[in-house]
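The block underneath contains the structure these notes are about, expressed in C-alpha cells.
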Amino acid sequence: MTLYGRSFLTLLDFTPDEIRHMLDLAKRLKREKHLRIGHRHLMGRNIVLLFEKTSTRTRCAFEVAGRDLGMGVTFLDPASSQMGKKESIEDTARVLGRMYDGIEYRGFEQAVVEDLARYSGVPVWNGLTDVDHPTQALADVMTIEEHVAKPLNQVKLVFCGDVRNNVAYCLMYICA
C-alpha cells in the first residue's frame with residue numbers, strides 16, 4: 001500500500017486499512033529510531049511547517065520527524081509569513097509548492113488547509129484546524145496500542161470535555 005503524494009487533511013479521507021498502514025509505519029519508524037537504525041528515506045526533500053497557532057509539541061514532533069527522515073525543515077509563523085495578509089492563500093500555496101515537497105499547516109480554518117492542498121501541488125498535512133486534528137488522533141491511537149493490552153476493537157475510549165472540539169471529532173472519526 002502506498003500513500004505517496006496524498007495530503008492528510010482529515011481521517012475521513014482514508015480507509016480503515018490505510019489508517020492501519022499509517023499506524024504500522026509509524027510504529028516501525030519509532031522502533032527503528034529507538035534501535036538507532038537510520039531511516040533517512042526522504043533525504044534531499046524539504047518541508048515547510050506553516051503555523052498560525054503556536055504549539056511546542058506539534059512543532060517539535062514535525063521538525064524531529066522531518067529531520068529523522070532526512071528532510072530539510074523550514075518553520076514559518078505569522079510573523080515570518082505574509083499568508084493571508086499581503087499574499088493570498090492561493091499564491092502562498094503555489095509559491096511554497098514550487099519550493100517544498102510538502103506543507104504542514106497548523107492554524108484555524110479547515111478551508112485554509114484544504115486551499116493549501118488544492119493550490120500547492122504537493123502533499124499537505126493538517127497539524128490542527130478548528131474542526132480537525134488528525135495527526136493527534138493517530139498519535140493517541142498509537143499510544144493506546146502501546147499501553148493497553150487489548151485489541152483496539154475491544155478498547156472503549158472516553159473523551160472528557162466539550163465535544164464541540166477538534167480533538168473530540170477526530171477521535172470519533174478514528175474510532176469509527
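Since the structure is predicted, the reported quantities are computational estimates derived from the model, not experimental observations.
- From Thr54, atom OG1 reaches atom CZ of Arg59 across 10.0 Å, with rounding to the nearest 0.5 Å.
- Judged purely by distance below 3.5 Å, without hydrogens or angles, the side chains of Thr74 and Tyr100 pair a donor atom with an acceptor atom.
- Residues Val113 and Ile103 share a single hydrophobic cluster, defined by chaining ILVMFWY side chains whose heavy atoms lie under 4.5 Å apart.
- When every heavy atom of Val122 is checked against every heavy atom of Ser7, the shortest pair comes out as O-OG, 4.0 Å.
- Electrostatic pairing of Arg20 and Glu145 counts as a salt bridge here, judged by a charged N lying under 4.0 Å from a carboxylate O.
- Contact between Val73 and Arg67 at its shortest, heavy atoms only, is O-NH2, 3.7 Å.
- Electrostatic pairing of Asp115 and Arg118 counts as a salt bridge here, judged by a charged N lying under 4.0 Å from a carboxylate O.
- In this structure, Asn126 contributes its side chain and Leu9 its backbone to a donor-acceptor pair below 3.5 Å.
- For residues 98-114, the set of pairs meeting the salt bridge (Lys or Arg N to Asp or Glu O under 4.0 Å) definition, not counting sequence neighbours, is empty.
- Among pairs with a residue in residues 151-162, those fulfilling salt bridge (Lys or Arg N to Asp or Glu O under 4.0 Å) read Asp162-Arg164, at least two apart in sequence or across chains.
- Among all heavy-atom pairs drawn from Cys170 and Asp132, the shortest one is CB-OD1, 3.2 Å.
- For Phe8, the ring pair (Phe, Tyr, Trp, His ring centres under 6.0 Å) partners two or more places apart in sequence, or in a different chain, are Phe14.
- Clustering ILVMFWY residues whenever any of their side-chain heavy atoms sit less than 4.5 angstrom apart, transitively, puts Val64 in a cluster other than the one holding Leu29.
- The minimum heavy-atom distance linking Ala93 with Tyr119 is given by the pair CB-CB, 3.7 Å.
- Linking Ile, Leu, Val, Met, Phe, Trp and Tyr whenever their side-chain heavy atoms come within less than 4.5 Å leaves Ile174 and Met1 in two separate clusters.
- Look at Asp68 and Lys33 and you find a salt bridge, because one of the NZ, NE, NH1 or NH2 atoms lies within 4.0 Å of a carboxylate O, short of that distance.
- Partners of Tyr169 by ring pair (Phe, Tyr, Trp, His ring centres under 6.0 Å), not counting sequence neighbours: none found.
- Contact detail for Asp13 and Glu18: the closest heavy-atom pair is O-OE1, 4.2 Å.
- Lys86 has no carboxylate O lying under 4.0 Å from a charged side-chain N of Asp91, or vice versa, which leaves the two without a salt bridge.
- The backbone N or O of Gly97 sits nowhere less than 3.5 Å from a side-chain atom of Ser120 that would complete a donor-acceptor pair.
- Residue Arg45 qualifies as open at atom CZ: its count of foreign heavy atoms under 6.0 Å is 12 or below.
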Might you work through the side chain to side chain contact (heavy atoms under 4.5 Å, CB included) test for Leu128 and Ser55, ending with a clear yes or no?
CA-CA 10 Å; Leu128 172 122; Ser55 170; over 6 Å; no

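- With salt bridges taken as basic N to acidic carboxylate O contacts below 4.0 Å, none links Lys27 and Glu146.
- Rounded to the nearest 0.5 Å, atoms CG (Asn165) and CG (Leu171) are 8.5 Å apart.
- Using a 4.5 Å cut-off between side-chain heavy atoms of Ile, Leu, Val, Met, Phe, Trp and Tyr, with links allowed through other members, Trp125 and Leu69 fall into the same hydrophobic cluster.
- Side-chain contact, Asp77 with Ser80: a donor N or O sits under 3.5 Å from an acceptor N or O.
- Checked against ring pair (Phe, Tyr, Trp, His ring centres under 6.0 Å), Phe75 has the following partners two or more places apart in sequence or in another chain: Phe51.
- Interatomic distance, CG of Leu96 versus CG of Leu116, reported as 7.5 Å (0.5 Å rounding).
- At least one side-chain heavy atom of Met22 sits under 4.5 Å from a side-chain heavy atom of Leu3.
- Cluster annotation: Ile47 is not connected to Met99 through the hydrophobic network of ILVMFWY side chains, with a link wherever side-chain heavy atoms come within less than 4.5 Å.
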Without placing hydrogens or testing angles, list every side-chain donor-acceptor pair under 3.5 Å for residues 135-144, not counting sequence neighbours.
| unit_1 | atom_1 | unit_2 | atom_2 | d |
| --- | --- | --- | --- | --- |
| Gln136 | NE2 | Asp140 | OD1 | 2.7 |
| Thr143 | OG1 | Ala139 | O | 2.9 |

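- More than 12 heavy atoms of other residues, nucleotides or ligands sit less than 6.0 Å from atom CE of Met172.
- How far CZ of Arg40 is from CE of Met43: 4.0 Å, rounded to the nearest 0.5 Å.
- Taking all atoms of both residues into account, the shortest heavy-atom contact from Ile89 to Val112 is CD1-CG2, 3.6 Å.
- Put simply, the side chain of Asn166 gets close to the backbone of Thr129: a donor and an acceptor are under 3.5 Å apart.
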